[in-house]
Each structure stands twice: as structure tokens, then as C-alpha cells.
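Working notes, structure below.
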Amino acid sequence: DQQVKQNSPSLSVQEGRISILNCDYTNSMFDYFLWYKKYPAEGPTFLISISSIKDKNEDGRFTVFLNKSAKHLSLHIVPSQPGDSAVYFCAATGGTSYGKLTFGQGTILTVHP
Amino acid sequence: NAGVTQTPKFQVLKTGQSMTLQCAQDMNHNSMYWYRQDPGMGLRLIYYSASEGTTDKGEVPNGYNVSRLNKREFSLRLESAAPSQTSVYFCASTPLRATDTQYFGPGTRLTVL
């Protein structure tokens, strides 16, 4: 039972345009959500997070939106840069899973110059 | 300040062999985690240790054992390796719980023949 899903395995975007990565979850007890970025042969690195008491969190070029009623979150990258090319994972925690992260499958983002 | 270190970086085992993956962090973090990453599956939690002296099962603990040797070190042992355990293994640590940023090591790529 995949509680966190990223339904797009890959996304290709032109440099300077917006990248939108999507994530859906099924566990209504999740109340904290994170995005991680991963380059090949490296461990994931934290990018941005959002608590369920908010519907938007912004950090520079990165914005995460949370729609609790739809159990959906998205990561917007504006403007996209070639260095953003990586695998992006969303993760969630909360309820009885508090203290443990549940990850989505990941989306490979490629930003073309 | 090395962050989270993992040894070895690569390992090839034959079915039935045993080995221990080592993880250490120098950030004085309380919680440590072991994940495995498989294609199309994202990261799945194997075991975690909320604090020194405690360990708990994650989503996929079968075939593994862990030891929280001290606050710095958290090892993962495969007693009798199986081809299904071929994966990339990541160790992570966090100051307190999962809502704090998790810092990941570079990973160990394990192949079981």
C-alpha cells in the first residue's frame, strides 16, 4: 500500500521555465511533508518542508503548496536551472508514523539549457 | 565536520554471506535511520533508532538486524544475504525526530549474487 505517490516518473523542462512536481498521499494522519533532492551517487538532501497548518511555504526559487482536502502537494521551481536536474522525492510523517518518513517513488527532473 | 559517513561504498556478496554496513554521524544527533532504495520504490525505512539504546522496526525489517553502538554509530547487519537485498542503502540522522531535517549519508551500493 503506497501511502505517498509520485505518479510522474520523469519531467523535462526548459531552463527558465517553471517545474511542477506533484505528490499525493492517502494517510490522513500525515501532518508534515518534506521534499528531498537527490543527485546520482549521493544521498538525498533536504529541500523544503510544510506543516499541515499551512498551505504554502516558499524558499527562494522553491515553493511547496499543500491541498489537504485533496491530499495533494506540489513543488514549484521558478525559474528552473540545469543544476536543478535531479531526482525529487516527497516524504510525509505524522500520526502513528510520527518519527518515521514515508517516501514517494521519486520524479526525475531534467532541465534543458 | 563530515556529517553522515557510510562504509563501504560498494559491496558484492554471494547468497548466504553476511556483512555489516557501518554508519557514523558527528553532528550529535539523537535519531538515526537505515533506508533502502530500489528502482521505482523510493526510499523505504528498514530500522530506526530514536535515541541511543533504542531501535525499532520500519517498513521492511525482515532479513536485517541493527545495533545502535553509541550515539554516533548505527550499524545494519545482513546475516544471510539474499538477491532480494540487492539495493542502495542509506543511513540518515536527525537531531530529534523526523520533522527535523534528516541528513543522509552517501549510500552503500550492495549487490547480492
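Here is how names work: the chains are called A, B, and so on, in the same order as the sequence lines, proteins then strands, and each is numbered from 1. Bear in mind that the values here come from a model prediction, so they are computed numbers and not experimental data. Only this structure's heavy atoms are used, side chains among them; waters, hydrogens and symmetry mates stay out.
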In this structure, OH of B/Tyr103 is separated from CZ of A/Phe46 (nearest 0.5 Å) by 8.5 Å
The interface call for B/Gln37 against chain A, heavy-atom contacts under 4.5 Å, is side chain
Heavy-atom closest pair (A/Phe103 atom, B/Leu43 atom, distance to 0.1 Å) is CB-O, 3.5 Å
Can A/Leu75 be reached from A/Tyr25 by stepping across I, L, V, M, F, W or Y side chains whose heavy atoms are under 4.5 Å apart?
-> yes
inquiry  = Would you say that more than 12 heavy atoms from the other residues, nucleotides or ligands in this model lie under 6.0 Å from the NZ of B/Lys71, or not?
reply    = yes
Honestly, the part of A/Ala91 sitting under 4.5 Å from a heavy atom of chain B is neither
Applying a strict 4.5 Å limit to non-hydrogen atoms, the region of B/Tyr35 in contact with chain A is side chain
Shortest non-hydrogen pair, B/Phe90 vs A/Gly43, comes out as CE2-CA, 3.5 Å
When the 4.5 angstrom heavy-atom criterion is applied to A/Pro9 and chain B, the contacting part is neither
The interface call for B/Leu45 against chain A, heavy-atom contacts under 4.5 Å, is side chain
Check: Do B/Val88 and B/Met32 belong together in a cluster built from hydrophobic side chains that touch within less than 4.5 Å?
Finding: no
Practice task
Assess whether atom CZ of B/Arg44 is packed by more than 12 heavy atoms of other residues, nucleotides or ligands within 6.0 Å.
Solution key: yes
Next item on the list: Decide yes or no for B/Gln102 and A/Tyr36: does some side-chain heavy atom of the first lie under 4.5 Å from some side-chain heavy atom of the second?
Entry: yes
Heavy-atom closest pair (A/Lys100 atom, B/Lys57 atom, distance to 0.1 Å) is NZ-O, 4.1 Å
Next item on the list: Answer with yes or no whether the hydrophobic clustering places B/Ile46 together with A/Leu101; edges join I, L, V, M, F, W, Y residues whose side-chain heavy atoms lie under 4.5 Å apart.
Entry: no
Check your understanding: Is it the case that more than 12 heavy atoms not belonging to A/Arg17 sit under 6.0 Å from its CZ atom?
Key -> no
Do you reckon A/Leu47 sits in the same ILVMFWY cluster as A/Leu66, going by side-chain contacts under 4.5 Å, direct or chained? yes
